[in-house]
Student: 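Let me give you the structure first, and then I'll get to my questions.
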Amino acid sequence: MSHSTRIPVVLATVVGCVLLGNTALAKPAAERETYKEVIIPILRGKCYQCHSDAAENPSGKKKIKGKLELTSIASIKKGGDEDVAAVPGNVDESLMIERIKLAHDDDDHMPPDGKPQIAPHELKILEWWISASLPEGKSLKDSGAPAEVIAAAGKVPSDEEVKKTLAKAASQTGADTAKLAEARKALEDVMTKVSESFPNAIGFVSQQDSDLTFTAVSMRKDFKDEHIAKLVPVNGGLVDVNLGSTSITDAGVAGLSKMPKLKKLWLNGTQVTDNGLDAIKGLGELEYLNLYGTQVTDAGLKKLVGLKNLKKLYLWQTKVTPGAVEEFKKSMKDCDVNLGISVQ
Ligand code: HEC
């Protein structure tokens with residue numbers, strides 16, 4: 001082969017690696033140092049978050065669960081509460097492998113269910129590493145790794161890449177937390193205002209989001225159509241609204257069309273009629289609608305066709321007929337319609 005053809009090939013390989021941004025490709029898998037460049041990236045990605053001190057922990061916080069550190073060969077051999085994590089030369093006696101291989105729903109399974117799991121090619125490498133008595137300071141080839149282990153190692157990202165990926169994930173979580181705190185903070189003033197008119201009626205659905213719930217149940221008949229206007233500043237955040245047994249009529253219900261995130265709505269025991277349902281037919285997120293004890297008829301039910309997320313509809317003691325429900329169900333198969341105990 002002449003030099004003129006060889007150089008472009010080498011160049012193409014180098015450029016390819018740079019373009020892929022994959023430092024793992026920079027070195028053939030067989031040349032990677034066994035412990036630092038193959039084992040550590042696996043354990044850092046899947047175990048360090050719960051089994052390392054602050055310096056190595058992706059969260060930046062010390063977490064040494066089961067008193068087991070997995071950040072050095074010495075600590076792996078030392079083990080945790082129950083046993084050593086790995087017995088050099090004996091895979092079957094090695095607790096870390098035993099835990100990884102347990103069924104996912106077993107409480108002792110590692111990593112715990114729901115966390116990023118060890119992939120089959122990673123397990124193959126870990127098992128070989130333990131059976132070879134935890135080699136370090138040598139390349140995979142010089143440690144005697146078989147071809148299938150070397151092939152598996154080719155899929156393991158470099159330690160630098162793992163660090164980068166983990167840092168990105170951590171900053172994403174941080175950003176999400178900050179965003180949520182901001183969204184909740186932004187709602188504080190308007191929520192205080194609403195609370196002045198309706199004490200204890202508004203709140204967050206959960207700690208994990210900025211969705212709002214409103215209930216007028218304790219005000220009962222004192223809650224009237226004109227009060228809906230007071231909710232305008234929080235319209236965009238409301239997901240649950242309970243107006244059951246209030247004095248609300250079709251005029252007040254019209255205001256609900258401005259609550260695009262509404263998922264659950266109680267209008268049971270109110271004066272609402274078919275006309276009021278015009279405001280509801282556009283609420284695409286609606287999952288639950290309670291019209292129990294209202295004047296709604298078959299014509300009103302027809303208006304609800306098209307609410308593609310509707311799963312529960314209560315029509316007990318309304319003027320809706322079983323025949324109309326049957327017709328409704330033809331296009332609303334996922335919606336569970338409750339016409340009361342006598343029918344169904
Ligand atoms: C999300 C947290 C979390 C992750 C990730 C995690 N573990 Fe654990 N691990 C725990 C907890 C909690 C315990 C202690 C309770 C128990 O023994 O199950 C534990 C205990 C262990 C033990 C028993 C230690 C002893 O001697 O008692 C081993 C071995 C172990 N983990 C291995 C691993 C390995 C290997 C990984 C990565 C493949 C891993 N863990 C990832 C949370 C985690």
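In listed order, ligands and their atoms are each counted from 1.
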Student: For residues Tyr288 and Trp266, establish whether the separation of their ring centroids is below 6.0 Å.
Tutor: yes
Student: Identify whether the distance between the nearest side-chain nitrogen and carboxylate oxygen of Glu327 and Lys330 falls below 4.0 Å.
Tutor: yes
Student: Any nitrogen or oxygen of Asp83 lying under 3.5 Å from a nitrogen or oxygen in ligand 1? Just yes or no.
Tutor: yes
Student: Just which atoms of ligand 1 are under 4.0 Å from any heavy atom in Asp108?
Tutor: 18 (O)
Student: Can you classify the ring geometry of Tyr292 versus Trp316 as parallel (below 30°), tilted (30 to 60°) or perpendicular (above 60°)?
Tutor: parallel
Student: Passes salt bridge (Lys or Arg N to Asp or Glu O under 4.0 Å), Lys46 versus Glu122? Steps please.
Tutor: CA-CA 10 Å; Lys46 308 285 166 73; Glu122 294 172 323; 2.8 Å; yes
Student: Check this for me: does any side-chain nitrogen of one of Lys263 and Asp240 sit under 4.0 Å from a carboxylate oxygen of the other?
Tutor: no
Student: Could you check atom 24 (C) of ligand 1 against the protein and tell me its nearest heavy-atom contact, residue, atom and distance included?
Tutor: Leu68 CD2, 3.9 Å
Student: Measure the distances from the heavy atoms of Ala85 to every atom of ligand 1 and state whether one is below 4.0 angstrom.
Tutor: no
Student: Just which atoms of ligand 1 are under 4.0 Å from any heavy atom in Ile118?
Tutor: 38 (C)
Student: Out of Cys50, Pro58, Pro116, whose heavy atom sits nearest atom 4 (C) of ligand 1?
Tutor: Cys50
Student: Considering only non-hydrogen protein atoms, determine which one is nearest to atom 5 (C) of ligand 1 and report residue, atom name and distance to 0.1 Å.
Tutor: Lys46 O, 3.4 Å
Student: List ligand 1 atoms under 4.0 Å from Lys115, heavy atoms only on the residue side.
Tutor: 1 (C)
Student: Check this for me: does any side-chain nitrogen of one of Lys62 and Asp53 sit under 4.0 Å from a carboxylate oxygen of the other?
Tutor: no
Student: Out of Lys63, Met110, Glu122, whose heavy atom sits nearest atom 9 (N) of ligand 1?
Tutor: Met110
Student: Output the list of atoms in ligand 1 that are nearer than 4.0 Å to some heavy atom of Gly80, sorted by atom number.
Tutor: 25 (C), 26 (O)
Student: Would you mind listing which atoms of ligand 1 come within a distance below 4.0 Å of any non-hydrogen atom of Asp81?
Tutor: 25 (C), 26 (O), 27 (O)
Student: Using a strict threshold of under 4.0 Å (side-chain N to carboxylate O), is an ion pair present between Glu56 and Lys63?
Tutor: no
Student: Would you mind checking if Lys185 and Glu182 are paired as a salt bridge, meaning a charged N to carboxylate O distance below 4.0 Å?
Tutor: no
Student: Salt bridge check: are Arg99 and Glu82 linked by an N-O gap of less than 4.0 Å?
Tutor: yes
Student: Specify the protein heavy atom at minimum distance from atom 26 (O) of ligand 1: its residue, its atom name, and the distance to 0.1 Å.
Tutor: Glu82 N, 2.9 Å
Student: Within the supplied structure, the quantity of interest is the number of heavy atoms (other residues, nucleotides, ligands) at a distance under 6.0 Å from Lys163 NZ; does it exceed 12?
Tutor: yes
Student: Look at atom 13 (C) of ligand 1 and say which protein heavy atom is nearest, naming residue and atom and giving the distance to 0.1 Å.
Tutor: Lys65 CB, 3.6 Å
Student: Please work out, at 4.0 Å between heavy atoms, whether the side chain, the backbone, both, or neither of Leu70 comes within that distance of ligand 1.
Tutor: side chain
Student: Look up atom 15 (C) of ligand 1 and tell me if a protein heavy atom lies less than 4.0 Å from it?
Tutor: no
Student: Is the distance from atom 8 (Fe) of ligand 1 to the nearest N/O/S atom of Cys47 under 2.8 Å?
Tutor: no
Student: Does a side-chain N-to-carboxylate-O contact under 4.0 Å join Lys36 and Glu136?
Tutor: no
Student: Considering His51, Lys78, Arg99 one by one, which has a heavy atom nearer to atom 31 (N) of ligand 1 than any of the others?
Tutor: His51
